[in-house]
Every structure is written in C-alpha cells, then in structure tokens.
Amino acid sequence: MKIAYIVPSLKNVGPVLVVKELVEQMEENGHQCHVFYFDNKIELKFCCSTTQIGFTSSFDFNNFDIVHTHGLRPDAYVYMHKPLHTKTRFVSTLHNYVFRDLSYQYNKLTAYVFGYVWIKLLLNRHDCVVALSRDAVSYYKKWIKQFRLTWAYNTRSLPQKEKLTSEELEQLQCFKQDSILIGVNALLTERKGVDLLIIALSKLPEYKLFVVGDGKTKSQLIQLTKKYNVDDRVCFAGYHKDAFRYLPYYDIFAMPSRSEGFPLALLEASIVGVSTVCSDIPVFKELYSEKEVSFFKLENIESLVSSIKNITNTKSYSVAIHRRYVDTYTPHAFYQRYIGIYQFLLKENTINKD
C-alpha cells in the first residue's frame with residue numbers, strides 16, 4: 001500500500017508525532033509512505049521520504065492508495081486539489097474537539113465560524129474522518145455523517161537512550177530536595193489547567209510543582225504563584241525537547257486539562273509508569289479507569305487536593321497505568337486500527353463507525 005501523509009510542518013508537536021508513529025508502523029509492515037509538509041520547520045526526522053509543498057501547487061494524488069491529512073491546512077489542501085474522479089481514498093484525523101478548543105484561542109463566534117467551515121466544508125471531500133476516541137465520535141456525529149466517521153486511539157513510543165543532561169538533572173534535584181514532586185509537561189495555555197495545580201499547592205505544603213513547557217499563559221501563572229504564596233514551590237523550567245525524560249523523577253504526574261484531543265503526555269507517563277492525577281473530562285475517563293489514574297472534579301480545588309493525597313498514599317497506580325498502556329495503546333494496536341481503516345476504505349469506499 002502507498003500512503004501519503006500531509007502535515008503543516010515537521011515540527012515537534014502532538015499531531016506530527018502521531019504521524020511519525022504511524023509512518024514507522026506502516027513502513028515496518030511493508031507499506032510505502034511519503035510525508036508532505038508546508039512550513040520549513042523541521043524538528044522531527046522521518047524514516048520515509050519527505051517533501052515540502054506549496055499550498056497552491058498539487059502533487060499527483062493518483063500515485064497513492066491513501067492520502068491522510070492532519071490539521072486545518074492539510075484538510076483545506078485536499079479540498080482545493082482533490083480530483084473529481086480518483087481511486088485514491090482520503091482520510092483526515094481530527095486531533096482535537098474543534099469548536100471547544102478554538103474557543104480557548106478565540107471568542108465563541110470566531111470559533112464557531114472557523115469550526116463550521118472546517119468541519120462542514122473542508123472535510124466534505126474526505127472519504128473518512130477519524131476522531132481520537134469514542135467520546136470524540138459522539139461529539140462530531142451531529143456534524144459528520146456516521147458512515148464517514150470512526151475512531152482510532154493514538155500511541156506513543158519512547159527512545160530508551162534519551163536521558164536528562166547533568167544540568168537538567170541538577171536543576172530538578174536542587175528544586176525538589178525532600179518534597180513530594182508533582183510534574184507537568186505541557187504547552188502553557190488555559191486549556192491545560194496548570195492554574196488549578198498552583199491553587200491546590202497552597203493547600204499542600206509538603207509538595208512542589210515542576211513545570212516543563214512554555215506558552216502564552218506563563219506570565220499569568222507566575223503571577224498566580226505569587227498571589228497564592230507558592231512561588232518558592234513552583235519551578236517553571238521552560239521548554240525542553242523530549243520532556244518525557246523528566247517523567248522518572250516525578251513522584252506524581254498531573255494532567256489537569258480542561259480539554260484534550262488525545263493526551264500523548266499521559267501515554268508517556270503510562271509507558272514510564274508514573275502515578276498520575278487527571279481531571280475527570282470524558283476522554284480521560286474513557287481511556288483510563290479509577291484504578292489506573294486518580295481523577296478529580298474539574299475546577300474543584302478540594303477534589304484536586306484530595307486526589308493528589310490519595311495517589312500519594314496508594315502505590316498500585318504506577319503498575320496499573322503501565323499495564324493499561326501494554327494492553328491497549330501500543331504501536332501494534334495503533335497500526336492494526338489504522339490499517340483496518342485503510343483496507344476497509346479501499347474495499348468499500350465508505351466506513352462505519354465501528
């Protein structure tokens with residue numbers, strides 16, 4: 001099978017990491033892949049050929065059995081250039097909850113207009129739309145016909161040789177000292193909910209918070225640490241490539257997100273086996289059970305404090321969360337789901353939800 005993947009760039013961000021995992025699995029199983037990208041931002045290396053393209057110029061879709069897009073611009077590119085008659089099948093993966101997540105970046109009206117154009121117009125020429133969970137399928141089914149809509153869980157694999165540098169390790173250990181360390185690896189936006197952890201920390205004197213990542217809310221979060229008098233117990237380490245390298249040093253990993261498409265950082269914590277606290281948003285509750293992560297009620301600080309204390313005193317979470325990864329989210333399971341989608345499309349031209 002010959003497969004073309006179209007992404008905005010080769011930048012080290014979630015959707016492109018997913019494509020990298022997908023390409024590696026497809027190539028390993030004998031398929032031929034080619035990645036096309038728009039922006040000259042190259043941070044990830046792929047095991048297949050890659051080509052930079054312009055939005056107004058088209059490559060020959062007929063050279064591929066499957067064309068698989070990831071993101072708004074790739075979806076728009078297919079809308080503009082897909083031939084009227086072709087045997088090639090077109091797939092798009094939606095990596096977020098479009099209307100909800102756009103509302104965190106823009107006002108609700110702008111989010112609705114952009115979201116409507118994306119979902120109802122740009123995806124109209126795709127044969128299949130893949131959401132990242134059953135919950136996301138339920139979210140999209142009023143916008144996308146069910147025979148074109150399905151789901152596939154993401155995967156993540158970690159290179160074993162990647163370790164913290166001596167400087168990074170020294171910074172973390174000097175900050176942690178004898179405290180119980182809560183870690184967060186995230187882009188700093190309102191959607192990630194790091195503010196909830198800072199407020200909770202004011203009620204958890206034995207804990208410290210280590211944040212790996214940068215983003216537009218960083219200055220607001222720093223001010224919040226001062227407001228709650230916890231600035232000496234919060235370290236903003238900034239952006240570090242391959243943030244998963246910090247996971248073995250956290251006592252607790254936290255994902256207090258208000259919204260997530262599919263939590264790659266949570267998969268990374270699962271691989272390492274770090275006890276994890278999560279908000280009780282539907283996608284997290286679909287992916288993990290209460291025996292595997294400690295849930296708290298979103299926006300409820302007392303619930304968050306209780307969840308952190310609970311996981312501190314329960315040692316079984318680290319084993320259970322790793323077992324969940326092995327049972328459900330491995331690269332092999334990821335490959336089996338997507339190759340099944342591709343094969344069905346090539347055979348039937350449409351796809352059912354299950």
Side-chain angles (χ1 to χ4, degrees), residues 1-55 59 61 63-79 81-82 88-96 98 101 118 122-123 126-133 136 150-159 187 241-244 260-268 271 329-343 345:
M1 190 181 298
K2 296 183 68 175
I3 311 160
Y5 294 97
I6 310 177
V7 293
S9 71
L10 304 186
K11 194 174 179 181
N12 184 21
V13 293
V16 187
L17 283 170
V18 171
V19 174
K20 185 173 184 293
E21 297 277 4
L22 196 48
V23 165
E24 289 174 357
Q25 289 302 307
M26 291 296 163
E27 289 275 331
E28 187 176 309
N29 284 277
H31 306 287
Q32 298 179 41
C33 300
H34 196 120
V35 175
F36 296 89
Y37 63 98
F38 300 117
D39 299 338
N40 190 29
K41 298 177 181 178
I42 303 173
E43 297 174 355
L44 296 174
K45 293 182 179 180
F46 284 76
C47 63
C48 69
S49 298
T50 61
T51 301
Q52 186 176 12
I53 56 175
F55 189 82
F59 63 88
F61 292 141
N63 286 335
F64 300 93
D65 300 298
I66 298 288
V67 173
H68 191 165
T69 56
H70 298 258
L72 175 59
R73 273 188 297 164
D75 289 342
Y77 182 84
V78 164
Y79 179 82
H81 297 288
K82 179 184 176 182
T88 303
R89 300 296 96 193
F90 291 80
V91 181
S92 174
T93 293
L94 289 172
H95 291 264
N96 58 5
V98 168
D101 290 357
W118 187 353
L122 299 185
L123 290 178
H126 283 74
D127 300 290
C128 174
V129 178
V130 182
L132 299 185
S133 65
T150 190
W151 60 270
Y153 293 146
N154 282 341
T155 191
R156 191 77 174 95
S157 56
L158 302 181
L187 178 68
K241 186 180 178 181
D242 298 330
F244 61 80
E260 287 284 346
F262 195 98
L264 292 182
L266 185 52
L267 285 189
E268 293 171 352
I271 295 170
Y329 305 121
T330 61
H332 177 70
F334 177 66
Y335 167 76
Q336 290 293 332
R337 183 65 182 174
Y338 266 109
I339 198 62
I341 292 170
Y342 293 167
Q343 290 172 340
L345 282 171

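Bear in mind the structure is a predicted one, so any value in this text is a computation, not a measurement.
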Sub-3.5 Å donor-acceptor pair from the side chain of Thr88 to the main-chain atoms of Phe61, do we have one? yes
Under the side-chain contact (heavy atoms from CB on, under 4.5 Å) test, which residues partner Gln343, sequence neighbours left out? Met1, Ile339
side-chain contact (heavy atoms from CB on, under 4.5 Å) evaluation trace for Asp39 with Arg73: CA-CA 11 Å; Asp39 299 338; Arg73 273 188 297 164; 2.6 Å; yes
The ring-ring contact (aromatic ring centres under 6.0 Å, His included) partners of Phe244 (sequence neighbours excluded) come to none
Between Phe334 and Asn154, does the side-chain contact (heavy atoms from CB on, under 4.5 Å) criterion hold? Intermediate values first, please. CA-CA 6 Å; Phe334 177 66; Asn154 282 341; 4.0 Å; yes
Consider side chain to side chain donor-acceptor pair (under 3.5 Å). Of Tyr338, Tyr5, Tyr342, which one does His68 pass it with? Tyr342
List the atom pairs, donor and acceptor, that lie under 3.5 Å between side-chain atoms in residues 27-35 and the rest of the protein, sequence neighbours left out.
residue	atom	partner	partner atom	Å
Glu27	OE2	Cys33	N	2.8
Asn29	ND2	Gln25	O	2.8
His31	NE2	Tyr335	OH	3.1
His34	NE2	Thr51	OG1	2.6

For the pair Leu345 and Phe90, evaluate side-chain contact (heavy atoms from CB on, under 4.5 Å) and give the outcome as yes or no after the intermediate values. CA-CA 9 Å; Leu345 282 171; Phe90 291 80; over 6 Å; no
Looking at every non-hydrogen atom in both residues, tell me the closest pair between Asp75 and Ser92 and how far apart they are. OD1-OG, 2.9 Å
Roughly how far, to the nearest 0.5 Å, is the CZ atom of Phe38 from the CD1 atom of Ile6? 6.0 Å
Between the NE2 atom in His95 and the CG atom in Leu17, the distance rounded to the nearest 0.5 Å is 10.5 Å
Mind telling me whether Phe262 and Tyr153 have parallel, tilted or perpendicular rings, with 30° and 60° as the class edges? tilted
So, do Ile53 and Tyr77 sit near enough that their side-chain heavy atoms are less than 4.5 Å apart? yes
Distance (rounded to the nearest 0.5 Å) between His70 NE2 and Leu22 CG: 6.0 Å
Name all residues meeting the salt bridge (charged side-chain N to carboxylate O under 4.0 Å, His left out) criterion together with Asp242; count only those two or more places apart in sequence or in a different chain, and write none if there are none. none
Rounded to the nearest 0.5 Å, how far apart are CZ of Phe59 and NE2 of His81? 9.5 Å
Would you please name every residue forming a side-chain contact (heavy atoms from CB on, under 4.5 Å) with Ala76, sequence neighbours left out? Phe55, Leu122
Quick check on side chain to side chain contact (heavy atoms under 4.5 Å, CB included): which of Val16, Val19, Thr50 does Tyr37 satisfy it with? Thr50
How about Thr93 and Val18: do any of their side-chain heavy atoms sit closer than 4.5 Å? no
Run the side-chain contact (heavy atoms from CB on, under 4.5 Å) check on Arg156 and Ile271 step by step: do they pass? CA-CA 8 Å; Arg156 191 77 174 95; Ile271 295 170; 4.2 Å; yes
More than 12 heavy atoms of other groups within 6.0 Å of Lys82 NZ: yes
Donor-acceptor under 3.5 Å (Glu21 side chain, Ser157 main chain): yes
Please report the interatomic distance CG(Leu132) to CH2(Trp151), rounded to the nearest 0.5 Å. 11.0 Å
Quick one: list whatever passes ring-ring contact (aromatic ring centres under 6.0 Å, His included) with Phe46, sequence neighbours left out. none
Could you tell me whether the side chain of Cys128 reaches within less than 4.5 Å of the side chain of Thr150, counting heavy atoms only? yes
Would you give the length of the straight line joining atom OG1 of Thr69 to atom CG of Leu123, rounded to the nearest 0.5 angstrom? 7.0 Å
Side chain of Asn96, backbone of Gly261: donor and acceptor closer than 3.5 Å? no
